[in-house]
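Residue numbers start from 1 in every chain, and the chains themselves are labelled A, B, ... in the order their sequence lines are given, proteins ahead of strands. Keep in mind that the numbers below use all heavy atoms, side chains included, and drop hydrogens, waters and symmetry copies.
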Protein chains: 2
Amino acid sequence: MKKADLKVMIVDDEPDILEFLSFALAREGYQVETAADGMEAYSIALKYQPHLFILDIMMPQMDGVELCAKLREHELFQDSLIAFLTAKSGDDTEVEALDMGADDYIHKPIKPKVFVSRINALTRRLRKKKTNDAGAKNFGRLIINHEKFEVKLDGVAIALARKEFELLRLLTTKPGKVFSRQEILNKVWGVDVIVVDRTVDVHVRKLRGKIGSEFIKTLKGVGYKFTF
Amino acid sequence: MKKADLKVMIVDDEPDILEFLSFALAREGYQVETAADGMEAYSIALKYQPHLFILDIMMPQMDGVELCAKLREHELFQDSLIAFLTAKSGDDTEVEALDMGADDYIHKPIKPKVFVSRINALTRRLRKKKTNDAGAKNFGRLIINHEKFEVKLDGVAIALARKEFELLRLLTTKPGKVFSRQEILNKVWGVDVIVVDRTVDVHVRKLRGKIGSEFIKTLKGVGYKFTF
DNA sequence: ACATAACTTCATGATTTTATAATATATAAT
DNA sequence: ATTATATATTATAAAATCATGAAGTTATGT
């Protein structure tokens with residue numbers, strides 16, 4: 001996963017700091033979202049689902065430590081990274097924050113260069129992973145998750161019927177390889193099922209209608225192939 | 001994985017510090033090994049295969065930054081945690097260390113309490129891996145307490161029959177994953193029990209009646225999945 | 001032993017998926 | 001350009017699948 005695929009949420013009640021940090025991380029390539037308070041942050045986070053949170057401690061309504069605790073309770077954020085960035089001194093606060101589930105506790109003031117290096121160090125393990133989604137296969141604009149039985153085009157989920165999904169699954173096992181209709185029938189329908197050749201065409205048509213027609217190419221007289 | 005299963009290697013050329021840190025981490029339950037220099041550390045590490053390294057920077061023969069680089073080159077230590085603990089000031093060193101692959105850079109002097117919290121925070125993800133099955137899981141509106149055998153929807157307790165609870169538990173082990181009826185029967189009923197497929201449908205229906213129908217989705221011809 | 005709850009199976013109708021046939025369009029060969 | 005052939009598209013009938021209600025069966029607690 002690249003930095004461009006990583007979503008960072010910065011929570012601080014001082015607009016200047018928000019802007020400053022956003023700028024620094026956006027320049028690194030991260031996707032950045034901001035919030036000015038813990039409450040606001042939590043409700044945005046439920047939708048935005050950040051990979052990394054950068055939290056101030058002292059904020060109106062809900063402070064950073066509370067937010068951290070609340071995030072860690074939720075299944076969605078079990079694997080998210082949480083870093084505090086604060087001017088608040090005191091070892092007890094730091095211990096509390098770390099014991100609560102924070103991954104780093106960064107003291108202000110800090111040089112941008114150092115800050116960015118720390119953030120990069122935190123996200124390094126996420127970046128090393130191949131895909132966003134465990135078990136998902138990535139074909140450019142198209143992501144296929146076999147376990148979830150789900151296909152995403154440009155991040156948008158597309159509902160496929162079973163045969164459509166299985167046809168797509170077969171074709172994507174070997175991108176570029178041409179599958180004859182007979183081979184498709186054997187592998188998707190099974191050797192004992194008797195189905196007319198043209199049926200494959202209809203399913204290809206339906207697939208194209210849903211995922212777009214650029215992925216599946218027809219080779220006249222031969223069969224179909226998947227490319228991306 | 002528990003702390004007792006985690007091997008930590010501390011590398012510092014001052015015996016007092018080695019002893020001090022060893023004591024602190026051993027008391028936490030970690031297995032601790034020490035070395036006084038980068039060279040020595042590397043050769044021991046090849047056999048000992050630590051999960052976490054705590055490195056001083058200034059040492060004779062091979063310094064901490066060199067050692068870090070050398071470790072990261074080796075396949076064995078790709079996933080190991082590396083933390084620097086040093087009195088050396090200077091942002092450039094910190095940036096260099098972090099960019100080289102270090103996971104944390106801790107400044108001396110530091111209180112033992114804070115040091116231990118930071119180390120615990122670093123190893124948390126390793127420790128979490130297998131301890132995850134018990135306790136409560138939070139899926140937004142739905143909270144499932146596996147130990148208490150209790151489900152709450154918007155804070156209100158809901159009484160589930162055993163099969164209903166176990167079905168929900170299975171589905172929530174992997175939110176998003178599609179479970180076929182056969183898989184559900186095998187995992188909830190057991191492989192030797194003979195029950196008709198449709199039975200699963202009836203239990204899903206009862207579950208939906210109690211927790212609402214938005215959590216469990218049907219994939220026609222495939223199975224059911226939990227989403228939140 | 002009784003009452004109650006939990007579980008399984010079956011039947012029905014609604015809905016979705018699938019296969020096929022019919023027709024239109026595209027492609028390659030002559 | 002014409003023809004033959006393969007494929008695309010649309011419509012529709014058939015089949016598969018599921019939600020639901022109800023009835024029968026087994027387990028559990030009092």
Closest-nucleotide 5' rank along DNA chain C - winner of A:Val196 and B:Val196: B:Val196
Under-4.0 Å side-chain N/O to phosphate OP1/OP2 contact, A:His203 with C:dT18: no
Atom-pair distance (CG on B:Asp197; P on D:dC18), nearest Å: 9 Å
Sugar-phosphate only, base, or nothing, as touched by B:Thr199 at under 4.0 Å among non-hydrogen atoms: base
Value in whole Å for how far the C1' atom of D:dA15 lies from CD1 of A:Ile194: 16 Å
Between D:dA8 (P) and A:Leu207 (CG): distance, integer Å: 12 Å
Test: A:Asp92 and B:Lys113 ion pair at under 4.0 Å: yes
Any B:Arg205 side-chain N or O less than 4.0 Å from OP1/OP2 of D:dG21: yes
Touch class at under 4.0 angstrom, heavy-atom based, for B:Val202 against every strand present: base
Touch class at under 4.0 angstrom, heavy-atom based, for B:Phe165 against every strand present: nothing
Sugar-phosphate, base or nothing in reach of A:Arg162, heavy atoms under 4.0 Å: sugar-phosphate
Separation of atom NZ in B:Lys206 from atom P in D:dA19, rounded to whole Å: 15 Å
Stacked cation flag A:Lys7 on A:Tyr48, 6.0 angstrom / 45 deg: yes
Sugar-phosphate only, base, or nothing, as touched by B:Leu160 at under 4.0 Å among non-hydrogen atoms: nothing
Ion pair B:Asp103/B:Arg72, N-O distance below 4.0 Å: yes
Phosphate OP1/OP2 of C:dT8: any B:Arg198 side-chain N/O under 4.0 Å: no
Sugar-phosphate only, base, or nothing, as touched by A:Leu167 at under 4.0 Å among non-hydrogen atoms: nothing
Phosphate contact (D:dC18 OP1 or OP2) by B:Arg181 side-chain N/O below 4.0 Å: yes
Nearest-Å distance for atom pair NZ/P, residues A:Lys163 and D:dA16: 10 Å
Upstream residue (5' side of DNA chain D) when B:Thr218 and A:Gly223 are each assigned their closest nucleotide: A:Gly223
Separation of C:dT16 C1' from B:Leu219 CG (nearest whole Å): 12 Å
Residue A:Asp201, side-chain atoms from C-beta onward, closest of C:dC7, D:dA8, D:dA19: D:dA8
Residue A:Tyr224, side-chain heavy atoms: nucleotide from D:dT7, C:dT8, D:dA19 that is nearest: D:dT7
Residues A:Thr123 and A:Tyr30: side-chain donor-acceptor under 3.5 angstrom: yes
Partner of A:Ser22 under side chain to side chain contact (heavy atoms under 4.5 Å, CB included), chosen from A:Ile17, A:Val8, A:Val32, A:Asp12: A:Val32
Value in whole Å for how far the P atom of D:dC18 lies from CZ of B:Phe179: 16 Å
Phosphate contact (C:dT8 OP1 or OP2) by B:Trp189 side-chain N/O below 4.0 Å: yes
Row check, A:Phe179 ring normal vs A:Lys187 NZ/CZ: under 6.0 Å, within 45°: no
Given D:dT10, D:dT7, D:dC18, the nucleotide with the shortest approach to the side chain of A:Lys220: D:dT7
Length of the NZ-P vector between B:Lys217 and D:dT17, whole Å: 22 Å
